Amino acid sequence: KKPHTTMSSHVPFFCIDVECAATGRGHSDRTPISLALVDEHEEVLMRSYIRPSVRIENLLTPLTGVTQDDLVNATPLEEVMKNLRQLLHASVELPILVGHSIRGDIEWLGLLQGEDFSSSIDLAEMFKAYNPRYGSYNKFSLALLCKHLLRKTISDTHDPAKDALYSIQLYKRYKDSPSTLEAAKRSLIGKPAPMSFVKQHDYRYQGVCMAAYFPEKCICGSPTKRD
């Protein structure tokens with residue numbers, strides 16, 4: 001294993017984006033079925049379909065973009081993770097992982113801080129803005145961030161490589177300028193959010209609960225992220 005102690009070495013950063021299928025009807029019943037890894041130079045280093053090792057309740061194709069045909073020759077998760085870890089460990093320093101609500105992607109893949117990556121940057125936290133009108137913080141979807149800050153569109157059917165690329169672009173544009181970041185955050189307050197797939201379907205799709213962040217819409221009874 002390579003040492004990760006060289007103070008002068010560059011700390012790379014990557015974005016990982018994962019799409020998950022439903023393994024049951026609860027909003028926490030998910031397993032990874034596709035993955036993309038994009039580096040700081042905006043190069044797509046990985047774009048893999050993942051063969052599920054458990055029964056799939058619903059591929060959530062309108063959201064994930066993954067069909068049964070895509071999974072016929074998909075790679076087992078163990079092999080995908082071996083390839084991913086080789087890329088994450090290619091530099092002297094462990095990388096920073098960047099993404100929108102990146103914690104979910106990290107947990108789905110079983111990545112470990114200190115072993116697979118040094119730290120993570122959640123764009124939802126990086127761009128959250130205080131709204132004086134309501135006395136609370138607003139968090140913005142990746143679609144809204146891309147629409148207003150990059151002038152780019154994310155469709156309801158996700159493409160993990162495109163989502164990861166746009167996430168890297170957002171991070172690079174604002175990471176080194178606190179004043180520019182603050183101005184961008186202020187500009188987002190009050191901007192209408194694009195209608196998400198889950199909202200269009202009232203936080204459920206073909207019997208599968210999709211209300212992980214909305215306890216008032218939950219139909220499965222599982223703990224939500226806001227409980």
Side-chain angles (χ1 to χ4, degrees), residues 1-2 4 12-40 43-91 94-123 142 154 156-168 197-198 205-210 212-213 220 222-223 225:
K1 185 176 179 179
K2 293 184 179 181
H4 300 290
F13 55 90
F14 300 94
C15 180
I16 292 178
D17 193 84
V18 178
E19 297 300 326
C20 288
T23 57
R25 301 208 164 196
H27 57 245
S28 297
D29 301 332
R30 301 290 187 269
T31 192
I33 52 171
S34 73
L35 170 152
L37 178 73
V38 175
D39 70 9
E40 62 195 85
E43 294 292 330
V44 180
L45 302 183
M46 280 187 73
R47 176 68 172 91
S48 301
Y49 291 110
I50 303 169
R51 184 187 305 161
S53 59
V54 295
R55 188 188 72 85
I56 298 299
E57 173 77 20
N58 196 309
L59 287 174
L60 307 175
T61 300
L63 182 64
T64 65
V66 179
T67 67
Q68 290 287 358
D69 288 344
D70 293 325
L71 299 181
V72 170
N73 297 311
T75 308
L77 179 60
E78 182 179 345
E79 186 176 338
V80 170
M81 292 308 300
K82 179 181 178 181
N83 295 336
L84 175 61
R85 285 191 167 100
Q86 286 178 343
L87 291 168
L88 296 181
H89 288 262
S91 298
L94 284 174
I96 299 168
L97 295 184
V98 178
H100 192 278
S101 301
I102 186 71
R103 180 55 52 187
D105 302 273
I106 289 169
E107 291 177 355
W108 286 325
L109 297 175
L111 296 173
L112 298 175
Q113 186 168 352
E115 292 187 21
D116 299 310
F117 64 99
S118 60
S119 61
S120 60
I121 303 292
D122 183 352
L123 297 180
L142 181 60
I154 289 180
D156 286 337
T157 302
H158 290 187
D159 177 343
K162 182 180 288 187
D163 291 358
L165 173 62
Y166 291 171
S167 294
I168 283 288
F197 173 85
V198 294
Y205 179 72
Q206 296 182 347
V208 176
C209 182
M210 304 184 76
Y213 293 91
C220 69
S222 299
K225 306 291 186 182

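Excluded from the calculations below are hydrogen atoms, water molecules and symmetry mates; all remaining heavy atoms, backbone and side chain alike, are included. Because the structure is predicted, anything quoted here is derived from the model rather than measured.
In plain terms, the two heavy atoms of S119 and Q113 that are nearest each other are CA-NE2, 3.8 Å. Nearest heavy atoms, R51 versus A74: NH2-O, 3.1 Å. Across D29 and G24, no two heavy atoms sit closer than the pair CB-N, 3.4 Å. In this structure, E19 and D163 approach most closely via the heavy-atom pair OE2-OD2, 4.2 Å. Considering all non-hydrogen atoms of both residues, S222 and H27 come closest at O-CE1, 3.2 Å. The shortest heavy-atom contact between G110 and D116 is O-OD2, 4.3 Å.
Side-chain contact between L59 and Q68: present, with at least one pair of heavy atoms (C-beta onward) separated by less than 4.5 Å. Counting heavy atoms from C-beta on, the side chains of L84 and I16 come closer than 4.5 Å. Side chains of D39 and F14 form a contact here, defined as non-hydrogen atoms less than 4.5 Å apart. Contact annotation: the side chain of C209 never approaches that of R25 to less than 4.5 Å [non-hydrogen atoms, C-beta and beyond]. Side chains of I33 and P52 form a contact here, defined as non-hydrogen atoms less than 4.5 Å apart. Contact of the M81 side chain with the L111 side chain is registered, since non-hydrogen atoms from C-beta on lie closer than 4.5 Å. Proximity of I102 to I121: side-chain heavy atoms (C-beta onward) are nowhere separated by under 4.5 Å. The shortest side-chain heavy-atom distance between L60 and R30 falls under the 4.5 Å cut-off.
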**Asked** Would N58 and Y205 count as a side-chain contact (heavy atoms from CB on, under 4.5 Å) if you check the C-alpha gap in whole Å, the side-chain angles of each, and the deciding distance to 0.1 Å?
**Response** CA-CA 9 Å; N58 196 309; Y205 179 72; 4.0 Å; yes
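With hydrogens and angles disregarded, no donor-acceptor distance shorter than 3.5 Å links the side chain of D17 to the backbone of A36. The backbone N or O of V18 sits nowhere less than 3.5 Å from a side-chain atom of H158 that would complete a donor-acceptor pair. The main-chain N or O of T67 is found under 3.5 Å from a side-chain atom of D70 such that the two form a donor-acceptor pair. In this structure, the side chain of S34 does not engage the main chain of S48 through any donor-acceptor pair within 3.5 Å.
Of the inter-residue distances, the one linking N83 atom CG with L88 atom CG reads 11.0 Å to the nearest 0.5 angstrom. W108 CH2 to R103 CZ: the interatomic distance, rounded to the nearest 0.5 Å, is 12.5 Å. To the nearest 0.5 Å, atoms CD1 (I154) and CG (D159) are separated by 9.5 Å. Summarising the geometry, atom CG belonging to L37 is positioned 11.5 Å from atom CD belonging to E43; distances are rounded to the nearest 0.5 Å. In this structure, CG in L35 is found 12.0 Å from OH in Y49, a value given to the nearest 0.5 Å. Interatomic distance, S101 OG to I106 CD1, rounded to the nearest 0.5 Å: 11.0 Å.
Looking at I50, L71, T61 one by one, the single match for side chain to side chain contact (heavy atoms under 4.5 Å, CB included) with V66 turns out to be L71.
Judged as a side chain to side chain donor-acceptor pair (under 3.5 Å), and not counting sequence neighbours, R47 has no contacts.
Enclosure of atom CD in Q86 by more than 12 non-hydrogen atoms of other residues, nucleotides or ligands within 6.0 angstrom is indicated.
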